[in-house]
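Written below as structure tokens is the structure these notes are about.
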Protein chains: 2
Amino acid sequence: MPNNHKENAKIFKAFCDETRLMVLSLLQSGEKCACVLLEQVNVGQPTLSHHMRILVDSGVVSARKQGKWTHYSISKSGSAKAKELLDLLTTVNESENEIGCCNE
Amino acid sequence: MPNNHKENAKIFKAFCDETRLMVLSLLQSGEKCACVLLEQVNVGQPTLSHHMRILVDSGVVSARKQGKWTHYSISKSGSAKAKELLDLLTTVNESENEIGCCNE
DNA sequence: TAAACATATCGAATAAAATCAATATGAGGT
DNA sequence: ACCTCATATTGATTTTATTCGATATGTTTA
């Protein structure tokens with residue numbers, strides 16, 4: 001039983017919260033600094049910072065620090081990995097040794 | 001501000017829990033009934049039922065009731081929709097009207 | 001119809017996540 | 001050096017999710 005499930009779940013945590021999806025959709029038009037995101041998303045500054053951390057930790061978003069500002073953008077490699085993983089998780093390999101139920 | 005974000009988040013809820021990923025990986029070898037899943041996943045019966053509901057609600061898994069048993073399988077269309085959505089959410093449309101930061 | 005079984009639902013307990021106010025950090029400007 | 005601004009962190013609170021025991025529902029079998 002190989003268990004990278006916990007790690008994989010972390011990647012999809014990025015997408016399973018309303019606020020984070022809002023942030024992602026804002027980042028689709030390109031890199032944004034936190035202050036811009038803060039204006040658009042209806043949460044306080046510490047809450048945004050918390051969500052950005054989850055997004056960055058998932059690998060889907062990357063952060064670039066420039067002076068006072070932190071610029072966030074969608075990571076091409078990170079989102080590619082997420083897509084790849086989603087593919088892996090939902091592919092069905094219907095093999096011959098199929099046991100549908102306990103009594104079949 | 002178009003908000004299907006809440007609905008979209010629901011789809012990815014399927015993938016952001018360790019137990020549900022375990023279930024999904026079991027379903028990759030084909031349709032399984034709840035009793036089989038219950039043997040493999042280390043949770044109680046009501047807990048499994050709860051997770052299956054979240055998976056079915058997300059559309060990624062479909063349920064087929066046959067007598068006493070409920071057979072679960074990965075939904076081709078549901079997972080296709082999830083993939084499509086993931087694609088939509090992570091695509092960057094770098095347009096010309098780019099505002100990177102508040103002071104730029 | 002009664003018993004046995006598979007799964008779902010309910011209610012309560014516990015765990016985890018989200019949120020905010022207050023404060024810390026660290027960079028620039030004066 | 002001091003002040004200001006942008007973001008991060010901390011600690012507490014509220015909300016949401018997970019889990020389990022008990023029970024309900026609905027199906028098959030005797």
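Lettering follows sequence order; numbering is per chain, from 1.
With rounding to whole Å, A:Glu18 atom CD is found 16 Å from D:dT15 atom P. Spacing between atom CE of A:Met52 and atom P of D:dT7 amounts to 10 Å, rounded to whole angstrom units. For the pair A:Arg53 CZ and D:dT9 P, the interatomic distance rounds to 6 Å; values are reported in whole Å. Between the NZ atom of A:Lys65 and the P atom of D:dT7 there is a distance of 9 Å, rounded to whole Å. Going from atom CG of B:Leu38 over to atom P of D:dT19 covers 13 Å, rounded to whole Å. To the nearest angstrom, P of D:dA17 lies 12 Å from NZ of B:Lys10. At whole-Å resolution of the value, NZ in A:Lys68 and C1' in C:dT25 are 14 Å apart. Atom C1' of nucleotide C:dT7 and atom CG of B:Leu55 are separated by 16 Å, given to the nearest angstrom.
With sequence neighbours left out, A:Leu21 forms a side-chain contact (heavy atoms from CB on, under 4.5 Å) with A:Phe15, A:Leu24, B:His5, B:Asn8, B:Ala9, B:Leu89. With sequence neighbours left out, B:His50 forms a side-chain contact (heavy atoms from CB on, under 4.5 Å) with B:Ile54. The side-chain contact (heavy atoms from CB on, under 4.5 Å) check on A:Ser73 picks up A:Glu31, A:Ser62, with sequence neighbours excluded. B:Ser49 meets the side-chain contact (heavy atoms from CB on, under 4.5 Å) test with B:Gln45; sequence neighbours excluded.
Sorted by first and then second residue, the salt bridge (charged side-chain N to carboxylate O under 4.0 Å, His left out) pairs involving residues 78-90 of chain B (not counting sequence neighbours) are A:Lys83-B:Asp87, A:Asp87-B:Lys83.
Using a 4.0 Å heavy-atom cutoff across all strands shown, A:Thr70 reaches sugar-phosphate atoms only and no base atom.
The number of heavy atoms from other shown groups lying within 6.0 Å of CG (A:Asp57) is above 12.
One can find a donor-acceptor pair under 3.5 Å joining the base of D:dA8 and the side-chain atoms of A:Gln45.
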Identify each atom pair where a protein N or O and an N or O of nucleotides 16-19 of chain C are less than 3.5 Å apart, giving names and distance.
residue, atom, partner, partner atom, Å
C:dA18, OP1, A:Asp17, OD1, 3.4
C:dA18, OP1, A:Arg20, NH1, 3.1
C:dA18, OP1, A:Arg20, NH2, 3.1
C:dT19, OP2, A:His51, NE2, 2.4

